[in-house]
2 protein chains.
Amino acid sequence: MALTSFTDRLVDAVEQKQSQLVVGLDPVLAQLPDEFASVDPPLAFERFCCGIVDAVAPHAVAVKPQSAFFEALGPDGVRVFAQVCDYARAAGLLVIADAKRGDIGSTARAYATAFIEPRGEAMPLADSLTVNPYLGRDSVEPFLDACRAHGAGIFCLVKTSNAGGADVQDVTLADGRPLWQHVAALVDEWGRELVGEAGLSAVGAVVGATYPREIAEARRLLPNAVFLLPGIGAQGGKPADVAAAFTADAASALLSASRSVIYAWRAGGGDYRTASAAEAERLAREVWAVSGR
Amino acid sequence: MALTSFTDRLVDAVEQKQSQLVVGLDPVLAQLPDEFASVDPPLAFERFCCGIVDAVAPHAVAVKPQSAFFEALGPDGVRVFAQVCDYARAAGLLVIADAKRGDIGSTARAYATAFIEPRGEAMPLADSLTVNPYLGRDSVEPFLDACRAHGAGIFCLVKTSNAGGADVQDVTLADGRPLWQHVAALVDEWGRELVGEAGLSAVGAVVGATYPREIAEARRLLPNAVFLLPGIGAQGGKPADVAAAFTADAASALLSASRSVIYAWRAGGGDYRTASAAEAERLAREVWAVSGR
């Protein structure tokens, strides 16, 4: 198999589906449909998430399973995480493992192995991984290796969607910038050698859709990064808020919605898959329009 | 069972064993003793780590299994991580899960469940968890809940042992401080309500043993925090470098050594358990003396 870069695969998927939607898989037992009430939790997670994957596959370019919710079920949950990743890939979706890992050299190496490198004969668990930049360049290097050697991608946290992120990310530096802008410049530097044919780097950035003004500034600092924008829906962000994230390239920004899509049935009733498919289709169209296509 | 705080349990263990040594469990297949060469990797990790636990239990107050190395083996590795945690606890050791988790509210909640809260009838996986502070106060709140409700502890990354940490942690703020000092002040604030009878907070701080000068400054900023000091041995730090980490309380700082203890047999030969026990005993004594006891 020829090695294609993460961004090349992403560009193809965005063009083909005319969508920049990423559906976050955040399963919580208490919120699953009634039909899962008496199912063993790991199996309930697997069936529910695979149902969502089937429902959103025509409308989304990727799913973003949140590792924490699976880890909360113990080793069986971690097994289901891998099964859901495999199932999503087979359904033609890219997989962004949302695990926000970050550690020093040899440990970061192990996380790269765990998430974005081939496992023996098997495909990597995910196409891309979210990464925490607090430990600096050498902690990110093993992930960059995986991008070079295996066509993986990463998304570094820059400006997160939560209010508390300001405690650290908005602190003012000696040159007047908030810290997150310094981190954005680092991420741009880390990603420069990994800019693919489409002009997009395998090193992307997480920027909260809840901060429209910051999105425009982040784009200026990170001209080649794919933005992963969480915070739409349950967290209050709106697709129109993220227009500034898009460059001329349709794949330059991805909108991630989790609870508003996977629990869409709670608002409108009916089968959860039907409700999720409808909400995913609606959101994907709205974002496509916002992106200026 | 009466709920005792993490620091109360720690103070007891330190006094009883006259040790502030934490042994990091960082298993890497290629580095295990020959006797594990033909053993299935998860089983090799389990046997090796349990062997280390037996060897160091008289000399260390805690083990610090590094989640990444277990995650790299997939779900079976995660199962072994839990088994090793249980085994260590049964051997009378505290368990510090080194997973450096950090995410927004509901997701951080799931990580707290995964690592430091009771799992149904079972004990929590670990007594304490390392936490990344980049996402701010609301991302740490679920872990503080676990400290309040279940006697857990956390160690927040402040100044990490790796050189690259400077890329973010040493950036100069408008008031002239490096960022890590701002983070230290936040960690002090987060931990203030969780100071136990011994005067130590359940919210501790990770400060690299590789930065002696910074350790003294960190102690000034964090008078009640237990310091977890990695970087001794393979990373170049020396026990004498960390004297400034200790307050009047013997349990105010913990020295963490990983490769130099668990792979001690590679230097001196012989049975790996015997070599680890000897190195753990030697280090524990050296640190005890440095701590001024």
Side-chain angles (χ1 to χ4, degrees), chain A residues 26 28 66 68-82 98 100-111 113-115 119 125 132-141 157 160-169 171-176 179 182-183 186 230 235 259, chain B residues 26 28 66 68-82 98 100-111 113-115 119 125 132-141 157 160-169 171-176 179 182-183 186 230 235 259:
Chain A
D26 294 15
V28 173
Q66 170 49 257
F69 296 109
F70 296 87
E71 290 179 56
L73 296 187
D76 290 337
V78 174
R79 191 176 307 278
V80 167
F81 182 85
D98 197 357
K100 300 189 176 63
R101 296 302 196 252
D103 211 309
I104 65 169
S106 62
T107 307
R109 179 101 291 297
Y111 280 132
T113 303
F115 285 100
R119 301 161 289 162
L125 196 63
N132 188 310
Y134 188 70
L135 287 88
R137 165 84 195 210
D138 58 14
S139 75
V140 176
E141 190 57 51
L157 302 184
T160 58
S161 60
N162 60 319
D167 292 339
V168 177
Q169 298 158 30
V171 66
T172 306
L173 306 188
D175 59 14
L179 173 72
H182 170 75
V183 172
L186 288 175
Q235 288 185 62
R259 284 167 281 176
Chain B
D26 294 15
V28 173
Q66 171 49 260
F69 296 108
F70 297 86
E71 291 180 55
L73 296 187
D76 290 337
V78 174
R79 191 177 306 279
V80 168
F81 182 85
D98 196 357
K100 299 188 176 65
R101 297 302 196 252
D103 210 310
I104 65 170
S106 61
T107 307
R109 178 102 292 295
Y111 280 132
T113 303
F115 286 99
R119 302 160 289 161
L125 196 63
N132 187 312
Y134 188 70
L135 287 89
R137 165 82 195 212
D138 58 16
S139 75
V140 176
E141 191 57 50
L157 302 184
T160 58
S161 60
N162 61 319
D167 292 339
V168 176
Q169 297 157 31
V171 66
T172 306
L173 306 189
D175 60 14
L179 173 71
H182 169 75
V183 172
L186 288 175
Q235 288 185 61
R259 287 168 278 177

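Lettering of chains follows the sequences in order, A, B, ..., and the numbering in each one begins at 1. Nothing here was measured: the structure is a model prediction, and the numbers come from that model.
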State, to 0.1 Å, how close A68(A) and A110(B) come at their nearest heavy-atom pair, and which atoms those are.
O-CB, 3.6 Å
Among L186(B), V171(B), L125(B), single out the residue with the greatest number of heavy-atom pairs under 4.5 Å to chain A.
V171(B)
Who among S106(A), P230(A), G176(A), A108(A) has the most heavy-atom pairs with chain B under 4.5 Å?
S106(A)
I'd like to know if D167(B) and R137(A) make a salt bridge, using a cut-off of under 4.0 Å between side-chain N and carboxylate O.
no
Any non-hydrogen side-chain atom of L135(A) less than 4.5 Å from a side-chain atom of N132(B)?
yes
What residue, out of G105(A), P133(A), G77(A), A82(A), has the most heavy-atom pairs lying under 4.5 Å from chain B?
P133(A)
Residue, of V140(A), D175(A), V78(A), that accumulates the most heavy atom pairs under 4.5 Å with chain B:
V78(A)
Between T160(A), T113(A), T107(A), D98(A), which shows the greatest number of heavy-atom pairs under 4.5 Å with chain B?
T107(A)
Is any side-chain heavy atom of P75(A) less than 4.5 Å from a side-chain heavy atom of F81(B)?
no
Structural part of A166(A) lying under 4.5 Å from a heavy atom of chain B
neither
Would you say R79(B) and D76(A) make side-chain contact, with heavy atoms under 4.5 Å?
yes
Report which part of R101(A) has an atom under 4.5 Å of a heavy atom belonging to chain B: side chain, backbone, both, or neither.
side chain
Atom pair CD1/OG of I104(B) and S161(A) - distance to nearest 0.5 Å
4.0 Å
Ignoring hydrogens, what is the shortest heavy-atom contact between G165(B) and D138(A)? Give both atom names and the distance.
N-OD1, 4.4 Å
Which atoms of F70(A) are under 4.5 Å from chain B, going by heavy atoms: the side chain, the backbone, both sets, or neither?
neither
Could you pull out the closest heavy-atom pair between Y134(A) and V183(B), with the gap in Å?
OH-CG2, 3.5 Å
Are Q66(A) and D103(B) packed together at the side-chain level, in the sense that at least one heavy-atom pair is separated by less than 4.5 angstrom?
yes
Nearest non-hydrogen partners of E71(A) and A114(B), listed with the distance:
O-CB, 3.6 Å
In terms of heavy-atom pairs under 4.5 Å with chain A, which of A174(B), G102(B), S139(B) leads?
A174(B)
Proximity breakdown for L73(A) and chain B, heavy-atom pairs closer than 4.5 Å:
neither
